[in-house]
Amino acid sequence: MRKTQQTGNARTSLRAPLYHRIYLILRQQILDGTYPYGAMLPGENDLSAQYNVSRITAQRALNELAADRLAERARGRGTFARPPEAMVPVEAKAEGLFENLLAMGLKTDARVLAFDYRTAPEDVRHHLGLPGKSEVQRAVRLRSQDGVPISYLTTWVPGDIGRTYSEAELGKEPLLALLQRADITVHSADQTITACLADADIAPLLETEVGAPLLRLSRIVRDRADRPVEWLIALYRPDRYQHRMRLELTRDSDGPALWAPVAAAE
């Protein structure tokens, strides 16, 4: 089976078998509460008709759920949802962005998977506004809470800043704290949140399935002089991470009412 990867995301050309695709759909519906604890799942005949598959395929999907202890199969009665014990997801609020991200870093654990200095690739130079052949520091970390992985993080930092901290320090302290220690005054960020799928490399690290949905966050962090000081690509398990934003309705006499984020109090 051949896999094709694209740099900077978790896309994959792996094509999962039919039973596994049905398993992933039911698994997500159990985890998001569509089927709460004890709720009866669709039976083999219902799944066969709904997804236009054989009964054997539907049966295997339900058996996979039972094997992962997400469902209980009772002969003659049906299959019942068994969600795992409730997990409280980590929250990151848009208000007071940097303070909240720093706090999140302090209450989670990070394991450094890669740490090196290299010549910046073209896309990294573009995002950090660097000239050709500039050195950057690249780090890959796996962040966890209570032993459960939350996110897979790749950070790129200009070389002169990246030389101010070590691999060991990055494993113990949030990058924002290390930037502050280096007298970098973080002032603003441009952030984009999209979705992607876990590939065969990322899925085992995040303890999820190949093809499972992930949140993909891209952030360019700038200092007070508007210099980019970090480019972050973060892949989050959506069952372990929530991004919250408070909005208020603004009205313009010349246009429609629009939702706008509420600024944090000073």
Side-chain angles (χ1 to χ4, degrees), residues 1-17 20-21 23-25 27-28 30-32 64-65 67-70 83-85 87-92 101 104-118 121 123-124 136-157 162 165-176 178 191-219 230-243:
M1 187 177 293
R2 185 175 66 87
K3 181 185 71 172
T4 301
Q5 284 188 296
Q6 298 183 15
T7 302
N9 62 30
R11 294 178 184 171
T12 177
S13 65
L14 286 171
R15 192 166 182 82
H20 192 68
R21 291 183 230 171
Y23 158 85
L24 289 175
I25 294 170
R27 176 182 181 274
Q28 186 60 46
I30 292 172
L31 293 176
D32 67 19
E64 287 287 306
L65 288 171
D68 283 350
R69 305 188 66 176
L70 290 169
E85 292 185 7
M87 296 181 293
V88 179
V90 171
E91 278 188 5
L101 292 175
M104 184 177 75
L106 293 173
K107 66 182 181 181
T108 57
D109 301 312
R111 175 161 62 97
V112 180
L113 304 178
F115 185 96
D116 56 52
Y117 301 90
R118 59 175 67 186
D123 60 334
V124 177
V136 289
Q137 190 278 308
R138 180 192 71 111
V140 180
R141 289 167 291 160
L142 185 69
R143 191 167 289 284
S144 304
Q145 182 186 42
D146 300 328
V148 179
I150 301 170
S151 59
Y152 178 91
L153 312 169
T154 303
T155 53
W156 302 84
V157 174
Y165 55 84
S166 67
E167 178 178 351
E169 289 172 322
L170 187 59
K172 295 177 181 178
E173 297 187 57
L175 181 53
L176 280 176
L178 296 175
Q191 180 168 284
T192 303
I193 299 177
T194 57
C196 63
L197 302 178
D199 67 15
D201 295 323
I202 303 298
L205 293 169
L206 290 178
E207 297 181 8
T208 190
E209 297 290 333
V210 173
L214 300 175
L215 291 173
R216 183 182 186 274
L217 182 149
S218 174
R219 182 187 302 133
E230 176 195 358
W231 181 36
L232 164 73
I233 299 293
L235 303 178
Y236 290 94
R237 279 179 48 171
D239 61 327
R240 295 294 287 164
Y241 176 82
Q242 292 180 349
H243 187 82

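Just so it is clear, the structure is predicted and the values come from calculations on it, not from any experiment. Basis for what follows: all heavy atoms, side chains included, without hydrogens, waters or symmetry-related copies.
Nearest approach of Y117 to G162, heavy atoms of both residues: OH-O, 3.1 Å. Minimum interatomic distance between I150 and S144 (heavy atoms only, all atoms of both residues): CD1-C, 3.9 Å. Nearest heavy atoms, A200 versus P204: O-CD, 3.2 Å. Nearest heavy-atom pair across P149 and R237 is O-CD, 3.5 Å. Heavy-atom minimum distance, D199 versus D201: OD1-N, 3.0 Å. The two atoms that bring L197 and G211 nearest to each other are CD2-O, 3.4 Å, heavy atoms only.
Using a distance-only test at 3.5 Å, with no hydrogens or angles considered, a donor-acceptor pair links the side chain of E169 to the main chain of S166.
At a threshold of 4.5 Å between non-hydrogen side-chain atoms, the residues I233 and R216 count as touching. Side-chain contact check for L178 versus K172: every heavy-atom pair is 4.5 Å or farther apart. At a threshold of 4.5 Å between non-hydrogen side-chain atoms, the residues V112 and V140 do not count as touching. Put simply, the side chain of R27 does not reach to within 4.5 Å of the side chain of E64, judged on heavy atoms. Residues L175 and R141 meet the side-chain proximity criterion, which asks for heavy atoms closer than 4.5 Å.
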Run the numbers on W156 and R118 for side chain to side chain contact (heavy atoms under 4.5 Å, CB included), then give the verdict.
CA-CA 10 Å; W156 302 84; R118 59 175 67 186; 3.8 Å; yes

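Taking A234 as the reference, L153, L217, L232, Y236 meet the side chain to side chain contact (heavy atoms under 4.5 Å, CB included) condition, with sequence neighbours excluded. For R138, the salt bridge (Lys or Arg N to Asp or Glu O under 4.0 Å) test picks out D116, with sequence neighbours left out.
With no hydrogens or angles considered, a side-chain donor-acceptor pair links Y165 and Q137 at under 3.5 Å. Side-chain contact annotation: W231 with S218, donor-acceptor N/O pair under 3.5 Å present.
Rounded to the nearest 0.5 angstrom, T208 OG1 and L235 CG are separated by 11.5 Å. Here the straight-line distance linking atom OH of Y152 with atom CG of L206 works out to 9.0 Å at 0.5 Å rounding. Separating the CG atom in L214 from the OG1 atom in T194 is a distance of 10.5 Å, to the nearest 0.5 Å. Going from atom CZ of R219 over to atom CD of E230 covers 7.0 Å, rounded to the nearest 0.5 Å.
Below 30°, between 30° and 60°, or above 60°: for H20 and Y23 the angle between ring planes is below 30°, a parallel geometry.
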